[in-house]
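Written out below as structure tokens is the structure these notes cover.
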Amino acid sequence: MEIVRLLKFPVLELITIAAIFFALSSALNFDYPSVTRFSDELSPSTLWQDQLNRFMKNLVWRHLAPYLGSYNYVAFIYAALTAMIAGDLSSGHMALIFSQPFKRSEIFMVRAGLTFLVPLVVYLLANSAIILIVGGLGCFLANPGYTQICYSLATTSFLYVFSVCLSLTLIVKETIPSFISSLMFLYGIDYAARIFQEKWVRILIPNTALTDFWFALGSPLLEESPPWSSLLTPMAISIALIAVCYLYFTRELEV
Amino acid sequence: MNYLAKRLGVTLIIAGLTIIIACISTSGEQVRKENILIGLNKTAALSYYLHDNDVEFVIEIIPSRAKADILLLDAEQLKSAIQVADLKPLVELKNVDNADFKLEHKRGLYFLFIVNRSEEGISAYITRISSGVQQDIVYTGIGTIILGLACLITAKLVKNKNAG
């Protein structure tokens, strides 16, 4: 029943529209960067393989892990969905759920899990469908390892944004203030983080760490494994925030 | 079940409409220009991803007395040319100093080869103009709307059956 409540009209529709529009706008303007080669650099067979491989990687990178392009979408959707949790807290609906024979941990798992997974699944489905239309199944099969890395980046960036929004929601506990504070914080930190250029500082800030990882993935020079250390900070901060939210929700929260 | 079918129908119709609107909003003319230098006895190979809309190539070879061969192949044609040495290009122009051609093509990866046939190095100015609605995406949008309508009709029929 919780999923029906969470995705009541027009929440699911708005998430879907936004995901499809962002994915399609990017795909319809997709211009594969033309690489000029000369006869003494490559034989035709290596040209074909090389270009096809680069094209497929580029398409997957742009659509499955477009961290920069999708940040506004992700921030807005999670701010709105977690604000609904704040709405339930302020309206007394959460107190009603707590009076039912469910453990608080179960309620948290279901509510937080659904809120995190629904936008992620819709986003990945929309973008995967676009990749299938534009590049075909070969894009996934040609570089399965690379595709998995792009999926990991998308999941990590969604988890980071979700954890920040959930934390602010449990602090603020009111619908509109929760929505506005989430957006202000996420946009604010994104803009503020851009001034840092030192590598060690950028790795410590989730937004810049994710951006650097995204650029590293898209680089044609990337032949070996990507800089996984860039994902450590966002993962650690997300897990820590969600753990704190869990403990607060199950032990301290008064409704 | 009835509720799910109804929601799925509405979501699919809205998704289909979004697809068509996104297609229309990106259907304007886009012009991309490139300039490449090709040395003596060299062949330049360029790759493009072409969408399912109208695409026109305008290629100018500088200096004007220079000559070049221009070939455009899709991925399958290039593969076939490599494997069975059977060259059937989409566009083949020999010893020209300029070219202007429109393509009737499918969505996909294309390879443009410019072979320098002059006694000196040449420049090739390549202008690629794409415009129009991408038909395959529009068909996908229409298909999604039809699927959504089918879900809504199913939901209505199930509701009537249960009421009856």
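If you're wondering where the values come from, they're calculated on a predicted model, not measured in any experiment. We name chains A, B, ... by the order of the sequence lines, and we start the count at 1 in each one.
- No part of A:Ala23 comes within reach of chain B, as not one of its non-hydrogen atoms sits under 4.5 angstrom from that chain.
- Heavy atoms of B:Ile19 lying under 4.5 Å from chain A belong to its backbone as well as its side chain.
- Chain A forms the most heavy-atom pairs under 4.5 Å with one residue out of B:Asp52, B:Thr26, B:Val115, and that residue is B:Thr26.
- The pair B:Arg117-B:Asp69 counts as a salt bridge, with a side-chain nitrogen and a carboxylate oxygen less than 4.0 angstrom apart.
- Cation-pi contact between B:Arg7 and A:Phe9: absent, since separation from the ring centre below 6.0 Å together with deviation from the ring axis within 45° is not met.
- Between the side chain of B:Glu60 and the backbone N or O of B:Ala124 there is no donor-acceptor pair closer than 3.5 Å.
- Contacts of A:Leu24 with chain B are made by side-chain atoms alone, with heavy-atom separations under 4.5 Å and no backbone atom involved.
- Side-chain contact check for B:Ile38 versus B:Ile114: some heavy-atom pair is nearer than 4.5 Å.
- In this structure, no portion of B:Ser27 lies under 4.5 Å from any heavy atom of chain A.
- Checking side-chain atoms of A:Asn127 against main-chain N and O of A:Tyr123 turns up a donor-acceptor pair under 3.5 Å.
- When A:Leu59, A:Val134, A:Ile130, A:Thr16 are compared by the number of non-hydrogen pairs under 4.5 Å with chain B, A:Val134 comes out ahead.
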